[in-house]
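What you see below is based on every heavy atom in this structure, not just the backbone, and it leaves out hydrogens, waters and symmetry mates. Reminder, nothing fancy here: chain letters follow the sequence lines and each chain counts from 1.
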Amino acid sequence: MDGVENRVGRKTEITKLLANLPRLGVGLAYREPFRDELLQKQSEVDFLEIAADDYLDATPVLEEELELLAEHFTIVPHFMKLSLGSAEGLDEAYLEKVAALVKWLNPPWWSEHIGFTRAGKVTLAHPAPLPFTKDAVAVMKRNIITARRAIPTPLILENVCSQLVWPGTEMDEADFLNEVLGVGGCGLLLDVTNLFANAPSFGGDPAAFLERLPLDRVVQIHFSGGHESKGRFVDSRGQAVPEGVWQLLEQAVAQAPVRSICLERDDNLPPLGEVLWELERARAIGRQHRRWN
Amino acid sequence: MELAQQQKLVARLCTNREFREEFFANPAQVAAREGLTVGAEGLAELHHEHLRQFARLLRTRRLGSVGVALPLTRRVLGNRFVECFKLYALRPPPPGVERVVVDAIGFVDFLCGQVGAEVFDPAWSVSLARYEAARLEAVWLGRRLVVRWLPHRIGPLLVQLAKGKVEAGSFNRPTLAIWWRGTERGRPHHWLV
Ligand SMILES: [Fe+2]
């Protein structure tokens, strides 16, 4: 009984902590070619998320670039290569660098993924999903505890693209995400495009899947575009955001106490002006659901 | 621990096509050879097509980041950039590839060395690609001195590309591009001569 009470008490505590996070509004995943235009159009972008792994061991020029950006925008560091899902444990030296960068930026939160990018000598360009098992939950828990000891700033975790389904699964993805966020005491960075792309793997209804996630934990939303290839949606971040993703985004904003929404765009970057309308549309959705003014 | 072993195997299967084909032809034998008997047992049931799809997603992500690191080359080469990247990604990645800039520099080396002149249309795009790769070395990798001899007039090209339109012309006239930093923590000076 004590255990249940503890867990409920902890849950309330975490929800309260998350509710105190600032409402950042609508931002953009920073890409260097956007820099000059961003500085001219500051009022249209509420915050920037940086691909933070690229700024560890930063050269003086990059440090200056970060300083310049930090003067004008709130910066949220988004990591991929700390690899919280690695069963071989965290790379301590890497964690130290992550902690130093987070401390220097002093952001309202920092983020990583529920997946792994590092295994043996291989580093993956994008996080791979974990098997949905108790073992994997335990690995995430252990690594999250280590990371949170080194970094007091609130940590939020992102759902990854899970088209790769491991054999020997003990639960489904929604239960797995609930478990990991529960034991880790973390907020959720909900990537609605990943959810949309994963739909064929779990029966095809991302809206119903969304209902089963711990929506009270959502701090940030990622959204991006993609293209169809061989009958499947590929989250390539190189095109405009499709309507199905907008619908999911709206559903999530209506139901979850989101503090921020961030557009991810890679490859084939258009001029900034061509993506700003997507930020404006997301901002209007947040406004409509009273997430910000 | 079993999961650690499985992750090592999955990471290799996702990044090495030859290894993937070999594994699915005979999972037990390959796993035993790799000393991964415990972890690999269950993984024999992994769906070949899922792995292939995930490997494609990894390549798409690499292409996306490399395209951002070489924005002008990406824009000028268009779909040829994408098609050549697919060929490049078949090869074992260069050491340190976990850093996007290393991947981008490796890709330009591949374009200039393996693919050759036919990809560079207009011809000045070879100078553009080499210029962008050299800039990554100077700015992102922090090399003290980077020098490139480029066969085209890169200065006016950069100005015109920034305006969005390049005038017709060959831009034939060599340029020496130099980045130099006096101290380890200093700012690089840049000259186009
Ligand atoms: Fe994302």
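When each of A:Leu130, A:Thr133, A:Val234, A:Asp266 is scored by its heavy-atom pairs under 4.5 Å with chain B, the top score falls to A:Asp266. Chosen from B:Thr15, B:Val10, B:Leu72, the residue pairing most often with chain A at heavy-atom distances under 4.5 Å is B:Val10. Highest contact tally toward chain B, considering only A:Gly168, A:Ala128, A:Gly238, is held by A:Ala128 [criterion: heavy-atom pairs under 4.5 Å]. The residue among B:Leu57, B:Val82, B:Thr60, B:Val101 with the most heavy atom pairs within less than 4.5 Å of chain A is B:Leu57. Taking chain A as the reference chain and counting heavy-atom pairs below 4.5 Å, the highest number among B:His50, B:Gln53, B:Gln7 is found for B:Gln7. Ranked by heavy-atom pairs shorter than 4.5 Å toward chain A, the options B:Gly142, B:Gly64, B:Gly67, B:Ala138 are led by B:Gly64.
Contact of A:Asp53 with chain B is not made at all, since no heavy-atom distance falls under 4.5 Å. Residue B:Arg75 does not touch chain A at all, counting heavy-atom pairs closer than 4.5 Å. With a 4.5 angstrom heavy-atom cutoff, B:Arg59 does not touch chain A via any of its atoms. Interface remark: B:Arg56 contributes side-chain atoms only to the contact with chain A (heavy atom separation under 4.5 Å). B:Leu141 touches chain A through its backbone: at least one of N, CA, C or O sits under 4.5 Å from a heavy atom, while the side chain does not. For a residue to count as touching a neighbouring chain, one of its non-hydrogen atoms must lie under 4.5 Å from one of that chain's; by this rule A:Pro127 touches chain B with the backbone only. If you measure heavy-atom distances from A:Pro131 to chain B, the contacts under 4.5 Å come from the side chain alone. Contact annotation for A:Ala58: only backbone heavy atoms (N, CA, C, O) come within less than 4.5 Å of a heavy atom of chain B.
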**OP:** Would you sort out whether B:Phe85 and B:Phe110 count as a ring pair (Phe, Tyr, Trp, His ring centres under 6.0 Å), showing the intermediate values?
**Re:** CA-CA 9 Å; B:Phe85 193 86; B:Phe110 173 78; 8.9 Å; no
Original post:
Under the ring pair (Phe, Tyr, Trp, His ring centres under 6.0 Å) criterion, do A:Phe73 and A:Phe47 qualify, and how do the steps go?
Top reply: CA-CA 5 Å; A:Phe73 298 94; A:Phe47 72 96; 9.5 Å; no
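Of the possible polar contacts, none joining the A:Asp175 side chain to the A:Met171 backbone as a donor-acceptor pair under 3.5 Å is found. Although no hydrogens or angles enter the test, the distance criterion places no donor-acceptor pair under 3.5 Å between the side chain of A:Glu64 and the main chain of B:Arg187. Using a distance-only test at 3.5 Å, with no hydrogens or angles considered, a donor-acceptor pair links the side chain of A:Arg118 to the main chain of A:Gly89.
Summarising the geometry, atom CG belonging to A:Asp235 is positioned 6.5 Å from atom SG belonging to A:Cys161; distances are rounded to the nearest 0.5 Å.
A:Gln220 and A:Glu49 form a side-chain donor-acceptor contact under 3.5 Å, judged by distance and modelled atom types alone. Judged purely by distance below 3.5 Å, without hydrogens or angles, the side chains of B:Thr73 and B:Glu132 pair a donor atom with an acceptor atom.
Counting heavy atoms from C-beta outward, A:Leu195 and A:Val245 have side chains that stay 4.5 Å or more apart. Between A:Tyr94 and A:Val98, some side-chain heavy-atom pair lies under the 4.5 Å cut-off.
Test B:Phe107, B:Tyr88, B:Phe120 against B:Phe81 for ring-ring contact (aromatic ring centres under 6.0 Å, His included) and you get one pass: B:Phe107.
Aromatic pair A:Trp166/B:Phe54: ring centres not closer than 6.0 Å. The aromatic ring centres of B:Trp140 and A:Tyr55 sit less than 6.0 Å apart.
Within residues 147-165 of chain B, no residue has a heavy atom under 4.5 Å from a heavy atom of chain A.
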